[in-house]
Number of protein chains: 2
Amino acid sequence: MSVMWTVKVVGLGVVAFSLSVELLWRLLRRLKPPKTLNEVLFFPSEVACMEHIFSPASPNSCCCPLPHGVETSFTRLLRFILSASSSLDLCLFSFSNMDLCRAVLYLYRRKITVRVLVDKEYSVITGSQVGALRKAGICVRNVGRYVHMHHKFALVDGRRLITGSLNWTLAAVQCNSENVLVTEEPRLVQPFVGEFCRLWAANDPSQNGPFSDQNVAHN
Amino acid sequence: MSVMWTVKVVGLGVVAFSLSVELLWRLLRRLKPPKTLNEVLFFPSEVACMEHIFSPASPNSCCCPLPHGVETSFTRLLRFILSASSSLDLCLFSFSNMDLCRAVLYLYRRKITVRVLVDKEYSVITGSQVGALRKAGICVRNVGRYVHMHHKFALVDGRRLITGSLNWTLAAVQCNSENVLVTEEPRLVQPFVGEFCRLWAANDPSQNGPFSDQNVAHN
């Protein structure tokens with residue numbers, strides 16, 4: 001009888017131990033957070049044809065003299081923007097880059113909600129694409145309360161932030177030394193979501209006068 | 001005998017269970033990574049006296065008419081820069097803000113290694129503080145290969161990144177709508193460390209001609 005009990009106790013111990021290890025392993029796997037997107041792109045970007053980004057089904061349809069099918073910092077930036085599945089919020093100092101404008105119009109035509117905040121003064125400079133956005137039906141609001149609304153950020157689906165030193169111009173992409181951060185880290189994304197909402201509400205032309213954004217200083 | 005064994009088995013089970021819970025708890029506490037610094041500052045910043053940042057021992061020493069002892073986005077930015085304990089690497093498009101210059105000189109006098117990269121054209125504009133840095137003995141290198149070296153980032157001790165849309169000017173701090181990200185996330189910090197080292201080496205005046213930075217396009 002005593003031997004039988006010893007066998008039972010040892011057996012129970014082995015089962016309990018293996019179950020504990022299994023439980024621990026499963027818990028650890030569930031607790032390990034998925035890797036958050038954090039990426040940095042540097043510019044200037046190599047000059048290349050962007051047609052394969054917009055027409056992936058027929059990548060050889062373009063016969064321009066630029067290199068084709070090349071992956072650059074700029075193609076990566078375009079892909080991040082085009083990854084939007086529900087919304088795209090833009091807050092831009094200047095916007096004259098035609099490929100970036102094409103990407104925004106492409107999303108808008110695919111029923112993605114697009115909202116654009118621009119610096120009032122820079123929205124009307126030569127080459128600005130803001131007129132093309134408005135013509136297509138996209139809601140664009142001017143920010144005129146500051147000397148410059150100098151942000152250059154995009155929020156993709158409200159959870160992916162694209163921001164940095166890069167203005168959305170051709171010169172910035174091809175000629176300047178610039179950076180763009182792409183992140184889904186909530187502690188970086190959420191403040192930008194808040195800032196966009198604040199500026200969007202403060203610059204609603206139907207609700208406010210031209211200089212209604214009173215709380216301009218952050219402390 | 002059988003009752004005794006039952007008591008022993010139940011007792012052993014209770015001990016094994018409590019030990020497992022204890023072990024699991026300790027493991028989870030050790031596995032939980034420390035919270036990485038991720039913070040966003042927005043500008044314009046409230047205009048206030050900065051004396052308490054530089055002279056914390058005598059915060060009431062200044063009698064200027066500005067509000068005193070106020071914590072703003074700008075005081076927070078200054079504190080992040082002044083937190084350097086070994087090195088400060090700056091890569092700046094324009095640098096005319098006198099408080100930021102004072103912070104850099106303050107660190108340099110306290111034997112912090114300071115390296116500065118600036119845009120060649122903008123380093124000599126009216127109000128630029130680059131001359132004051134050079135005069136103090138800080139090593140400053142011009143970047144002249146691009147239309148603009150448009151970065152505006154700082155690396156504190158090689159592990160804390162400060163970057164965003166904010167140029168280091170008074171107008172940007174007090175008059176513009178701007179953002180600054182402060183992060184210690186390695187996947188964001190390390191690419192900037194690499195970019196700084198690349199630009200620093202490529203613009204060494206003793207090694208290279210004025211336009212030696214050949215690999216200018218990123219792909």
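Here is how names work: the chains are called A, B, and so on, in the same order as the sequence lines, proteins then strands, and each is numbered from 1.
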- Just checking heavy atoms, which of residues 68-78 of chain A are less than 4.5 Å from chain B? A:Glu71, A:Thr72, A:Ser73

- Note on the structure: Turns out that what part of B:Leu181 lies under 4.5 Å from chain A's heavy atoms comes down to side chain

- Parallel under 30°, tilted from 30 to 60°, perpendicular over 60°: which one fits the rings of B:Tyr122 and B:Phe93? tilted

- With no hydrogens and no angle check, is any side-chain donor or acceptor of A:Asn142 less than 3.5 Å from a backbone partner on A:Gly144? no

- Message: Report which part of B:Leu188 has an atom under 4.5 Å of a heavy atom belonging to chain A: side chain, backbone, both, or neither.
- Response: both

- Note on the structure: When the 4.5 angstrom heavy-atom criterion is applied to A:Phe192 and chain B, the contacting part is both

- Query: Among A:Met149, A:Glu178, A:Glu185, which has the most heavy-atom pairs under 4.5 Å with chain B?
  - Reply: A:Glu178

- Item | B:Gln174 side chain to B:Ala172 backbone, donor-acceptor under 3.5 Å | no

- Query: Can you find a heavy atom in the side chain of B:Arg160 that is under 4.5 Å from one in the side chain of B:Phe80?
  - Reply: yes

- So which of B:Glu195, B:Glu39, B:Lys152 has the biggest tally of heavy-atom pairs under 4.5 Å with chain A? B:Glu195

- Task: Could you please spell out the steps behind the side chain to side chain contact (heavy atoms under 4.5 Å, CB included) verdict for B:His148 and B:Glu121?
- Result: CA-CA 8 Å; B:His148 291 311; B:Glu121 187 188 343; 4.0 Å; yes

- Message: Taking the basic N atoms (NZ, or NE/NH1/NH2) and the acidic carboxylate oxygens, is any pair closer than 4.0 Å for B:Arg102 and B:Glu51?
- Response: yes

- Task: Using atom types as modelled and distance alone, determine if a side-chain donor or acceptor of B:His150 lies under 3.5 Å from a backbone N or O of A:Ser165.
- Result: yes

- Message: As an exercise: rank A:Leu24, A:Val9, A:Leu23 by heavy-atom pairs under 4.5 Å with chain B and give me the winner.
- Response: A:Leu24

- With a 4.5 Å heavy-atom cut-off, do B:Val114 and B:Ser87 have their side chains touching? no

- Message: Tell me if a side-chain donor or acceptor on A:Arg187 pairs with a main-chain N or O of B:Thr36 at a distance below 3.5 Å.
- Response: yes

- Item | chain A contact via B:Gln190 - which portion, at a heavy-atom distance below 4.5 Å | neither

- Task: Against chain A, label B:Leu27 side chain, backbone, both or neither, depending on which of its atoms sit under 4.5 Å from a heavy atom there.
- Result: side chain

- Is the side chain of B:Asp204 donor-acceptor paired with the backbone N or O of B:Ser206 at a distance under 3.5 Å, no angle test? yes

